[in-house]
2 protein chains.
Amino acid sequence: MARMSDIIEEFIKQLINETDGVIEIQRNELASYFKCVPSQINYVIDTRFTTERGYYVESRRGGGGHIRIKRVNVDRPGNYLMHIVSSMGDSISQQSAEVFINNFVDYEVISEREGLLLKAATSDKVLGGIGIPDRDIIRASILKNMLTALLV
Amino acid sequence: MARMSDIIEEFIKQLINETDGVIEIQRNELASYFKCVPSQINYVIDTRFTTERGYYVESRRGGGGHIRIKRVNVDRPGNYLMHIVSSMGDSISQQSAEVFINNFVDYEVISEREGLLLKAATSDKVLGGIGIPDRDIIRASILKNMLTALLV
DNA sequence: TATATATGAAAGTCAAAGATAGTCAAAATC
DNA sequence: GATTTTGACTATCTTTGACTTTCATATATA
């Protein structure tokens, strides 16, 4: 069965596209539209519209409250990559690595094929043999080294 | 009696044929269809749908989770890559990896940027922390997984 | 009038319950 | 002896709901 969260995510992304990068939604309204509990909207926003993925979220409670989601602009791909690389920690899980990579592809900072290469090089499929703290450290190192190579 | 794993393997392959190279299955569903334990599906995938055999596997847990299996394109320019991948050993030094990669770029099987990514991911700069002989094993694994990803 | 308080309308938090898939090693089979 | 089958245990992701916080406005009070 399709995940409700994915459907809501797509819906919101489409809204953002149609409105040139910024939307304002009402949590309860959206929840009742999708017949889910309001907190699921929070879940979708917390997991899918994060800073890492290039979104900026603000909200206000009380009467007339709302949630505003803004898609961050990427003008200079090189700068963007450099910025991400330097803000990246020394350890990274497969999950976060994938989020970063998908984002690069979304923003057309790298091609889809390059995205596949990055994912292939950082997946647990190949790093699984390494024990747990080391694995994420090496993954971060591989990811950063690859991204840096693209800046040359 | 025929081996259950072989039957499941055939079943999955047929599915892949019918769907143009990519399928998404649910582990529990498939297991209950074949009246086997779920982990047997993992066994089949781990032993039969490997990189060496030209498959690319991803998965996701949790509600609405799934396992996605892609069959790599064995025709076309990939043929050469595929051949190399399956003939490559389980362990490879940095120098040998570089020779391979340079050849791929020379023969225009991959782009220069892709070559840079491959080198960045397999260099001792990032894998140096891993002791010999594990280092060369992981390098081979990364290299093969990356090349396979390009065939998808 | 100016300020304090009450009320209702949002959104936020967090943890439990549910739904999948992964791992690993013992047991069974070939 | 190697491969396959099984199952107990683990990890990860999603859904749900009870409870909390914040804000705007209406109402009461000094």
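Quick note: numbers below take in every heavy atom, side chains included, and nothing from hydrogens, waters or symmetry partners. Each chain gets a letter, A, B and so on, in the order the sequences are listed, and its residues count up from 1. What you see is a predicted model; the values in this text were computed from it and never measured.
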A.B. asks: By side-chain hydrogen bond (donor to acceptor under 3.5 Å, both in side chains), which residues pair with B:Ser59, not counting sequence neighbours?
C.D. replies: none

A.B. asks: Please list, chain by chain and in numerical order, all residues satisfying side-chain hydrogen bond (donor to acceptor under 3.5 Å, both in side chains) with A:Gln26, sequence neighbours excluded.
C.D. replies: none

A.B. asks: Please check if any side-chain donor atom of A:Arg71 sits under 3.5 Å from a side-chain acceptor atom of A:Asn17, or the reverse.
C.D. replies: no

A.B. asks: Quick one: hydrophobic cluster around A:Val99, which other residues, with the 4.5 Å side-chain cut-off, linked directly or via members?
C.D. replies: none

A.B. asks: Answer yes or no: side-chain N or O of B:Arg61 and base N or O of D:dA11 forming a donor-acceptor pair under 3.5 Å.
C.D. replies: yes

A.B. asks: B:Ile67 has a side chain; which of D:dT6, C:dG12, C:dG22 sits nearest to it?
C.D. replies: C:dG22

A.B. asks: If you check every side-chain atom of A:Ser5, which of C:dG12, D:dT15, D:dT14 has the closest atom?
C.D. replies: D:dT15

A.B. asks: So which nucleotide from D:dT16, C:dA21, D:dT4 ends up closest to the side chain of A:Val37?
C.D. replies: D:dT16

A.B. asks: Which nucleotide in the list C:dA10, D:dT16, C:dA21 gets nearest to the side chain of A:Cys36?
C.D. replies: D:dT16

A.B. asks: Note down the inter-axis angle between the two ends of the helix from C:dT1-D:dA30 to C:dC30-D:dG1, five pairs each, to the nearest 10°.
C.D. replies: 10°

A.B. asks: Could you list all the ring pair (Phe, Tyr, Trp, His ring centres under 6.0 Å) pairs where at least one residue sits in residues 23-44 of chain B, not counting sequence neighbours?
C.D. replies: B:Phe11-B:Tyr33, B:Phe11-B:Phe34

A.B. asks: Does any residue of residues 38-46 of chain B have a heavy atom under 4.0 Å from DNA chain C, and if so, which ones, in number order?
C.D. replies: B:Ser39, B:Asn42

